[in-house]
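The next block holds one structure in the form of C-alpha cells; read it before the comments.
Remember, predicted model here, so these are calculated numbers, not experimental data.
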Amino acid sequence: QVQLVESGGGSVQAGGSLRLSCEHSEYTHSINCLGWWRQTPGKEREGVAAIWTGGGRTYYHDSVKGRFTISQDNDKNMVYLQMNSLRPEETAMYYCAASFLKCTSRTVVDGASDFGSWGQGTQVTVSS
C-alpha cells in the first residue's frame with residue numbers, strides 16, 4: 001500500500017489561496033493516478049482533481065476548473081494542489097490518494113473506489 005502524507009492546509013479568507021502538498025512513498029512509475037479529494041462531515045467524499053502520472057494529463061471537478069491546479073514532481077514523489085479564489089463552501093478535509101489504475105474523466109466524478117491508498121488528510125478552512 002502506498003503511504004501518503006498531506007501538508008499545507010490551513011485557514012484563509014474567501015478569495016485567498018493555499019497550496020497543498022502530498023508526498024507518496026512509491027516510485028511514480030508504480031502509480032498511474034494521483035488525486036485530491038475533499039470531505040465535510042455528513043457528506044460523501046468529493047473528487048477535486050486528478051493527474052495521470054505517466055503523461056501529466058489532468059482532470060478537475062467542474063466547480064474548481066480555472067481556480068485549482070494539480071501538478072506533480074516525479075523526482076520528489078510529490079503531488080500538489082494549488083487552490084486559488086477559495087470559497088467558504090470549500091471548507092473541508094482534503095485527502096491525497098493514489099491509484100494503480102489510469103485516471104479518466106470519470107475519476108473525479110465517481111472514481112473514489114479506484115483509489116486504494118489514502119492519506120490522513122489536511123484541513124482547509126475558508127472564512128467569509
Side-chain angles (χ1 to χ4, degrees):
Q1 189 173 11
V2 180
Q3 303 299 314
L4 301 138
V5 179
E6 303 97 335
S7 61
S11 298
V12 294
Q13 290 189 329
S17 298
L18 281 174
R19 187 193 194 209
L20 305 184
S21 300
C22 174
E23 182 175 9
H24 55 89
S25 61
E26 291 288 320
Y27 290 114
T28 305
H29 67 260
S30 299
I31 302 170
N32 277 311
C33 184
L34 288 162
W36 286 96
W37 295 74
R38 62 191 179 192
Q39 189 171 25
T40 54
K43 293 187 177 181
E44 291 189 0
R45 198 165 290 189
E46 177 184 62
V48 177
I51 186 166
W52 173 40
T53 60
R57 184 170 181 176
T58 57
Y59 303 85
Y60 296 94
H61 189 278
D62 285 346
S63 67
V64 306
K65 286 180 180 177
R67 300 186 297 118
F68 289 16
T69 303
I70 187 171
S71 61
Q72 62 182 349
D73 185 334
N74 293 343
D75 291 337
K76 297 181 179 179
N77 286 2
M78 297 289 293
V79 61
Y80 306 98
L81 184 68
Q82 177 66 44
M83 305 185 295
N84 299 328
S85 301
L86 281 160
R87 304 166 178 170
E89 58 266 33
E90 294 176 316
T91 293
M93 187 71 78
Y94 282 71
Y95 297 90
C96 178
S99 172
F100 297 115
L101 302 176
K102 190 176 176 179
C103 304
T104 70
S105 57
R106 181 194 64 80
T107 297
V108 295
V109 177
D110 60 3
S113 61
D114 291 348
F115 292 84
S117 299
W118 295 81
Q120 293 299 307
T122 185
Q123 178 68 37
V124 172
T125 302
V126 186
S127 58
S128 57

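Within the structure, the salt bridge (Lys or Arg N to Asp or Glu O under 4.0 Å) test picks out no pair touching residues 115-125 (sequence neighbours left out). Residue pairs satisfying the disulfide (SG to SG under 2.5 Å) criterion with at least one member in residues 91-128, sequence neighbours excluded, are listed as follows: C22-C96, C33-C103. Residue pairs meeting the salt bridge (Lys or Arg N to Asp or Glu O under 4.0 Å) criterion with at least one partner in residues 113-128, sequence neighbours excluded, are R106-D114. The list of salt bridge (Lys or Arg N to Asp or Glu O under 4.0 Å) pairs with a residue in residues 41-50, not counting sequence neighbours, reads R38-E46.
The minimum heavy-atom distance linking T107 with K102 is given by the pair OG1-O, 4.4 Å. L101 approaches S99 most closely through the heavy-atom pair N-OG, 2.9 Å. Taking all atoms of both residues into account, the shortest heavy-atom contact from G35 to F115 is N-CE2, 3.7 Å. The two atoms that bring Y95 and G119 nearest to each other are CD2-O, 3.5 Å, heavy atoms only. The minimum heavy-atom distance between W37 and A97, with the atom names listed, is CD1-CB, 4.2 Å.
By the ring pair (Phe, Tyr, Trp, His ring centres under 6.0 Å) test, W36 pairs with no residue at all, sequence neighbours left out. Remark: S85 pairs with R67 by the side chain to side chain contact (heavy atoms under 4.5 Å, CB included) rule, at least two apart or across chains. Scanning for side chain to side chain contact (heavy atoms under 4.5 Å, CB included) contacts around S17 gives Q82, N84, with sequence neighbours left out. Applying the side chain to side chain donor-acceptor pair (under 3.5 Å) criterion to R87, with sequence neighbours excluded, gives no partner residue. Looking at residues two or more places apart in sequence or on another chain, you find a side chain to side chain contact (heavy atoms under 4.5 Å, CB included) between S21 and S7, M78, Y80. Taking the salt bridge (Lys or Arg N to Asp or Glu O under 4.0 Å) definition, one finds that K65 meets it with D62, sequence neighbours left out. Not counting sequence neighbours, the partners of A98 by the side chain to side chain contact (heavy atoms under 4.5 Å, CB included) test are V2, L4, I31, L34, S117.
Side-chain contact check for E89 versus T40: every heavy-atom pair is 4.5 Å or farther apart.
The structure places CZ of F68 at 14.0 Å from OG1 of T58, a figure rounded to the nearest 0.5 Å. The OG atom of S30 sits 10.0 Å away from the NE2 atom of H24 when rounded to the nearest 0.5 Å.
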Only pairs under 3.5 Å count here: list side-chain donor-acceptor contacts from residues 120-128, not counting sequence neighbours, and write none if there are none.
| from | atom 1 | to | atom 2 | distance (Å) |
| --- | --- | --- | --- | --- |
| T122 | OG1 | G9 | N | 3.1 |
| Q123 | NE2 | A92 | O | 3.4 |
| S127 | OG | V12 | O | 3.4 |

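Under the 4.5 Å side-chain heavy-atom criterion for Ile, Leu, Val, Met, Phe, Trp and Tyr, Y94 and V108 are members of distinct hydrophobic clusters. Side-chain heavy atoms closer than 4.5 Å link hydrophobic residues (I, L, V, M, F, W, Y) into clusters, and following such links, possibly through other members, connects M93 to W118. A chain of hydrophobic side-chain contacts below 4.5 Å, direct or via other Ile, Leu, Val, Met, Phe, Trp or Tyr residues, connects L18 to V79.
Checked by atom type and distance alone, the side chain of Y60 pairs as donor or acceptor with a backbone atom of I70 at under 3.5 Å.
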Inset, instruction - Start with the C-alpha distance between L20 and E6, add both sets of side-chain angles, then the distance that settles side-chain contact (heavy atoms from CB on, under 4.5 Å), and finish with yes or no. - result: CA-CA 7 Å; L20 305 184; E6 303 97 335; over 6 Å; no
Inset, instruction - Take M83 and V64, measure what side-chain contact (heavy atoms from CB on, under 4.5 Å) needs, and give me the verdict at the end. - result: CA-CA 8 Å; M83 305 185 295; V64 306; over 6 Å; no
